[in-house]
Amino acid sequence: MKIAVIDIGTLKVKMLMGNVTSSNKFETLYQSNTLTCLGVRMTENNNRPQEKNLNQTLEELKRCEKLLRQAKVEKVRVVSTHALREMGEVGNEIANKIRKEVGMKIEIISQDEEAQLFFNAVMRDFKTDSDFTVVDVGGGSVQILIGNKHKLKHKYLLKTGAQYLFDNFTPRHTGSDFPTREEIRNMQDYVIRELAPVPKAIETPVIYGSSCIIDVFKQIGLNMQKYYLSKSHPFRADVNELEKFSEKITPIPYDEREKNYQLDQKYYLWGIEKAFINILEICKKERSPFIIPSNSNINDGLVMSMRE
């Protein structure tokens, strides 16, 4: 059976399509990760998406719908996370607009469900019963999930994503320049306050999830070692190495970053220091021995739930 899942996020629309085999394995046929910026600067627009960003999102969803029809996909699940969730009634209006114009039924899922889906996806093949701190850094929200392959024990659901920090702490910026040291410190102070409920000094490794973060770590030249306890998470990185890179890149203007670091993911460098603030502050608080980068995202969790 052919199935597909689509996640409409604050910054990107992510699609994953594949075959479920007779042995219930999933074989990927196609995946995409397209920047549409649905939730960018919505707070300054009466909690509505900017018209340009909504149109970009609609066009991408129409492209996805055409691919699904051509591939004769039998089962599809389309969800939205932080952006439509934060818009409240406006989010429901946008979901209805998508249904009418694109023909897709949108589920606006809770942050709790988003967290569980991501945790299931990340922990599916670990060869240890040890606890980990799994962190999903999105454009709007951040999920901090502590547990092992058998059980999610604790979850802390924050609004400290890269776009959220940009919108709330760099109001004078347009995206072409970079935050001041004072603005970075304000972001750090805010993240530290939001991390208050997270336990101290538990010394669990941090699994840093983002749909392409393993590739990003490689392309920015971050030193990584082999990690053997998970087939889908084959590397580990030193916390100090990530901190050094973050300090180096923060004062570099965005256009220069694009020239200096040729990443496959366009615009990823725009929010990299804001995402890293979350990871580094969590590592400091928990005294994490190392970071495990993960390319898993909630689409993997959605596929798992559909197979089950």
Side-chain angles (χ1 to χ4, degrees), residues 2-18 20 26 28-40 42 49 53-54 56-68 71 73 75-87 91-92 94-95 97-99 102-122 124 134-143 145 157 159 161-164 208-215 232 265-268 271 275 294-308:
K2 282 184 183 177
I3 66 172
V5 292
I6 297 174
D7 168 27
I8 305 169
T10 300
L11 294 172
K12 297 177 180 178
V13 170
K14 301 172 186 174
M15 183 168 87
L16 177 61
M17 177 173 66
V20 178
F26 181 76
T28 299
L29 296 174
Y30 176 83
Q31 56 186 330
S32 58
N33 191 5
T34 306
L35 191 73
T36 61
C37 300
L38 179 64
V40 171
M42 67 183 188
N53 299 336
L54 176 57
Q56 287 177 165
T57 303
L58 287 168
E59 287 306 307
E60 173 59 14
L61 291 173
K62 288 174 184 176
R63 185 190 73 84
C64 292
E65 194 276 335
K66 183 178 179 181
L67 288 175
L68 296 175
V73 174
K75 198 173 181 181
V76 181
R77 189 176 179 192
V78 186
V79 305
S80 183
T81 51
H82 180 84
L84 293 191
R85 196 164 61 217
E86 284 296 296
M87 292 178 198
N92 292 326
I94 300 300
K97 184 179 179 66
I98 292 170
R99 180 176 56 80
V102 185
M104 290 179 174
K105 181 182 177 182
I106 312 298
E107 298 176 57
I108 303 175
I109 62 173
S110 69
Q111 197 171 2
D112 279 291
E113 183 176 359
E114 181 182 1
Q116 187 69 62
L117 286 166
F118 182 72
F119 187 80
N120 293 346
V122 168
R124 66 188 184 273
V134 179
V135 185
D136 180 14
V137 180
S141 61
V142 171
Q143 283 71 242
L145 314 165
L157 311 178
K159 294 179 184 178
Q163 184 63 47
Y164 185 91
Y208 174 16
S210 181
S211 54
C212 57
I213 199 62
I214 291 176
D215 313 283
S232 54
Q265 288 291 321
K266 194 176 181 182
Y267 303 121
Y268 198 94
S294 171
N295 281 355
S296 296
N297 57 60
I298 71 163
N299 276 354
D300 300 309
L302 288 166
V303 165
M304 288 174 64
S305 68
M306 292 171 75
R307 285 163 51 202
E308 291 165 1

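Heavy atoms only: backbone and side chains are in, while hydrogens, waters and symmetry mates are out.
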Test item: [X] and [Y] side chains (from C-beta on) under 4.5 Å apart, heavy atoms:
X      : Y      : result
Met104 : Leu68  : yes
Val142 : Tyr164 : no
Leu16  : Thr28  : yes

Show the nearest heavy-atom pair for residues [X] and [Y], with the distance to one decimal.
X      : Y      : value
Gly39  : Ala83  : CA-CB, 4.1 Å
Ile6   : Cys64  : CD1-CB, 3.9 Å
Gln56  : Cys37  : NE2-CB, 4.5 Å
Ala95  : Ile108 : CB-CD1, 4.4 Å
Met17  : Phe26  : C-CZ, 3.8 Å
Ala275 : Tyr208 : CB-OH, 3.5 Å

Rounded to the nearest 0.5 Å, how far apart are [atom1] of [X] and [atom2] of [Y]?
X      : Y      : atom1 : atom2 : answer
Asn297 : Asp7   : CG    : CG    : 7.0 Å
Ile8   : Glu107 : CD1   : CD    : 10.5 Å
Ile109 : Gln111 : CD1   : CD    : 10.0 Å
Leu58  : Asn53  : CG    : CG    : 11.0 Å
Leu11  : His82  : CG    : NE2   : 10.0 Å
Ile94  : Thr57  : CD1   : OG1   : 9.0 Å

Would a distance-only check, ignoring hydrogens and angles, find a side-chain to backbone donor-acceptor pair under 3.5 Å from [X] to [Y]?
X      : Y      : answer
Asn33  : Val13  : no
Asn295 : Ile214 : yes
Asn299 : Lys14  : yes
Arg124 : Ala121 : yes
Arg85  : Ser80  : no
Asn120 : Leu117 : no

Charged N-O contact under 4.0 Å between Glu113 and Arg77: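 Yes, Glu113 and Arg77 are salt-bridged.
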
Lys/Arg-Asp/Glu bridge criterion (N-O < 4.0 Å) met for Glu60, Arg63: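 Arg63 and Glu60: salt-bridged.
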
Flag if over 12 foreign heavy atoms under 6.0 Å of NZ, Lys159: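 Atom NZ in Lys159 is not packed in, count stays at 12 or less.
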
Test side-chain contact (heavy atoms from CB on, under 4.5 Å) applied to Leu67 and Met15, step by step: CA-CA 10 Å; Leu67 288 175; Met15 183 168 87; 4.0 Å; yes

Pair Asp136-Glu114, side-chain contact (heavy atoms from CB on, under 4.5 Å): steps then yes or no: CA-CA 10 Å; Asp136 180 14; Glu114 181 182 1; 4.2 Å; yes

Candidate pair Val20 and Met306, rule side-chain contact (heavy atoms from CB on, under 4.5 Å), full reasoning: CA-CA 10 Å; Val20 178; Met306 292 171 75; over 6 Å; no

Passing option when Gln143 is tested against Ile298, Leu157, Val137 for side-chain contact (heavy atoms from CB on, under 4.5 Å):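 Exactly one candidate clears the test, Leu157.
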
CA sep, side-chain torsions, deciding dist, call: Leu84, Leu38, side-chain contact (heavy atoms from CB on, under 4.5 Å): CA-CA 9 Å; Leu84 293 191; Leu38 179 64; 4.0 Å; yes

Working for salt bridge (Lys or Arg N to Asp or Glu O under 4.0 Å), residues Glu65 and Lys62: CA-CA 5 Å; Glu65 194 276 335; Lys62 288 174 184 176; over 6 Å; no

